[in-house]
Protein chains: 2
Amino acid sequence: MFGFTCKKSDRKENSGCSFGLTKKQQAIADREVELIMLAKGLVQEQGFGNLTMDKLTAASPYSKGTIYNHFSSKEDVILALCIHSLKSESILFARSGQFEGNTREKVIAMHVAYRIYARMEPVLSTCAIMAKSPWVLEKASPERVAELNQLEEVVIAGADDLTNAAAECGDLKFSSGIGSDAIVFANWSIAFGSNALSQNASNSHCIQRLQDPFTVLHNANMLLDGLGWKPLSSEWDYRKTWRRVEQELFSEEVAYLESIGR
Amino acid sequence: MFGFTCKKSDRKENSGCSFGLTKKQQAIADREVELIMLAKGLVQEQGFGNLTMDKLTAASPYSKGTIYNHFSSKEDVILALCIHSLKSESILFARSGQFEGNTREKVIAMHVAYRIYARMEPVLSTCAIMAKSPWVLEKASPERVAELNQLEEVVIAGADDLTNAAAECGDLKFSSGIGSDAIVFANWSIAFGSNALSQNASNSHCIQRLQDPFTVLHNANMLLDGLGWKPLSSEWDYRKTWRRVEQELFSEEVAYLESIGR
DNA sequence: ACCTGAACACCGTTCAAGT
DNA sequence: ACCTGAACACCGTTCAAGT
């Protein structure tokens with residue numbers, strides 16, 4: 001909550017602190033991270049039903065009042081988890097932008113990043129789904145909702161740049177009604193949708209597909225082929241691209257996932 | 001809960017009741033619908049924070065114990081809302097199957113049905129999102145989770161039949177790794193994702209797109225073009241199809257939506 | 001200025017007693 | 001066989017008193 005707002009009285013002129021935070025402010029920021037990690041642990045151990053303000057208080061060395069200085073409500077904690085999650089995910093997205101390849105391969109690299117993060121942090125990815133439900137959005141603090149939107153804007157802007165670059169170099173042509181907004185939104189929708197639906201333990205064949213590591217790739221390729229984003233999947237082996245992204249950008253993450261059998 | 005299981009002692013041989021329910025069982029089933037409508041009203045009036053077992057009890061003429069005879073937990077109520085919702089939506093899907101047109105137009109008709117339902121029943125559509133979150137799935141009764149999965153299977157089977165029909169008549173060609181499962185899953189993902197993301201009040205341009213009534217159409221067309229599902233959007237005016245579906249199948253619903261300005 | 005924890009109102013769930 | 005509502009344990013949130 002107010003832990004991050006930089007009041008004049010608190011700001012040290014010419015202080016050596018990074019980001020212009022006083023020691024006190026830094027301590028509060030650190031404590032917030034500590035609380036978020038504790039909340040994450042509670043969910044990981046026993047599910048979302050185990051995430052309780054009482055239990056979070058008990059697991060921490062602080063009092064109820066202090067918890068409520070950080071989070072305006074229980075739902076605010078979930079949104080904080082979501083923001084924490086998106087920050088980590090952004091690092092993977094940033095890395096995927098550095099992939100050496102054509103523009104379409106770079107889009108695929110973003111999908112790889114999204115998928116790998118979902119596998120690495122299932123609990124936090126799940127928060128991203130809950131954060132799009134009114135149950136969370138109604139009760140979370142407006143400040144945090146704004147913070148999440150802002151973070152999402154940064155990721156969107158990156159994807160936007162990529163589609164514009166593709167349009168400039170001729171890999172992609174915009175058509176009436178289909179600008180970079182529409183393309184980014186479509187990609188986000190299908191990535192979000194696949195991820196959310198796969199959380200459901202349904203036994204339907206059509207969802208068991210998600211076991212297939214290339215389902216997300218197939219879905220993305222359908223979209224990108226439909227947009228005529230070159231090279232088309234008939235002219236290029238994007239499975240090879242997918243594997244190359246995993247090896248060249250996320251080898252550590254993939255090794256970790258394999259070591260825990262996910 | 002047990003209201004629907006047909007115990008031997010309760011079953012009347014040769015009774016005239018539809019579906020083989022005794023009067024008692026019918027009364028219980030009716031009461032369940034009554035309770036679901038009350039729950040829906042609570043959410044519509046004040047948001048999901050207003051949905052409380054206490055308030056549901058108070059709004060009904062029954063006691064706490066009776067409420068818990070119907071629903072194993074609060075989350076079970078939400079899943080019941082979701083099931084109720086999918087049943088209504090299935091009626092629209094069934095209607096969309098009767099659209100006179102080529103196979104791809106019939107897919108579009110399903111997307112129209114999905115979109116119209118989301119606009120008509122925003123609260124119930126939202127339940128479908130929440131029902132894919134572990135917060136609900138963890139605590140809802142296994143029976144109801146199974147019931148939802150079963151209902152989803154029926155809708156999936158319909159979509160599956162449609163893609164198989166398209167493959168048989170040559171409108172569509174399956175390729176390696178992309179069978180009817182993959183195609184149904186991709187369409188569901190993008191419809192679910194668009195819907196969920198649009199709930200978020202984000203100010204990003206890319207989400208404000210959903211104001212454009214044809215965004216869902218564009219997204220579907222990207223997928224279907226990518227699959228080579230004929231006729232391609234370059235050879236056919238699917239906006240016209242969209243409008244025709246609205247007029248020929250859902251004119252009543254569209255008129256209602258316009259009358260309330262949505 | 002921040003932290004504490006007792007206190008409060010409400011909520012989810014159960015179950016012995018009633019019909 | 002089903003319904004009732006009092007009772008209980010726990011939860012979310014607040015705030016006067018403390019440092």
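Reminder, nothing fancy here: chain letters follow the sequence lines and each chain counts from 1.
Base pairing annotation: D:dC3 forms no Watson-Crick or G-U wobble pair, as no partner gives both donor-acceptor distances under 3.5 Å. For C:dC11, there is no paired base (Watson-Crick or G-U wobble, both distances below 3.5 Å). Across the strands present, C:dA17 finds no partner; the criterion is a Watson-Crick or G-U wobble pair with both atom distances under 3.5 angstrom.
Aromatic ring orientation, A:Phe93 versus A:Tyr114: tilted (interplanar angle from 30° to 60°).
Closest to the side chain of B:Tyr68, from the set D:dT4, C:dT13, D:dG12, is C:dT13.
Between the side chain of B:Lys64 and the base of C:dT13, a donor-acceptor pair under 3.5 Å is found.
A straight line from CG of A:Leu42 to P of D:dC11 spans 11 Å, rounded to a whole angstrom. In this structure, B:Lys23 atom NZ and D:dC2 atom P are separated by 17 Å, rounded to whole Å. Residue A:Lys24 contributes atom NZ, which lies 6 Å from atom C1' of C:dC2 at whole-angstrom precision. As rounded to whole Å, 5 Å separates atom P of C:dC11 from atom CG of B:Asp54. Between B:Asp76 atom CG and C:dG12 atom C1' there is a gap of 13 Å when expressed in whole angstrom units. Separating the CD1 atom of B:Ile67 from the C1' atom of D:dC2 is a distance of 14 Å, rounded to the nearest angstrom. A straight line from NZ of B:Lys55 to P of C:dT13 spans 16 Å, rounded to a whole angstrom. Rounded to an integer number of Å, the gap from A:Lys74 NZ to D:dC11 P is 9 Å.
We find that B:Arg95 and B:Glu252 are not joined by a salt bridge, their nearest charged nitrogen and carboxylate oxygen being 4.0 Å or further apart. In this structure, A:Glu258 does not pair ionically with A:Arg119, as no charged nitrogen and carboxylate oxygen lie closer than 4.0 Å. The pair B:Lys132-B:Glu152 counts as a salt bridge, with a side-chain nitrogen and a carboxylate oxygen less than 4.0 angstrom apart.
The phosphate of D:dC3 has OP1 or OP2 within less than 4.0 Å of a side-chain N or O from B:Asn69. Between C:dC2 and A:Arg31, no contact under 4.0 Å exists linking OP1 or OP2 to a side-chain N or O. Using a 4.0 Å cut-off, some side-chain N or O of A:Thr66 falls inside it from OP1 or OP2 of C:dT4. For the OP1/OP2 pair of D:dT13 and a distance below 4.0 Å, the side-chain nitrogens and oxygens of A:Lys139 include at least one atom meeting the criterion.
In this structure, A:Gly49 and A:Gly65 both approach DNA chain D, and ranking their closest nucleotides by distance from the 5' end singles out A:Gly49.
Between A:Asn69 and A:Tyr62, every side-chain heavy-atom pair lies at or beyond the 4.5 Å cut-off.
Looking at heavy-atom distances under 4.0 Å, A:Thr52 makes contact with sugar-phosphate atoms alone, never a base.
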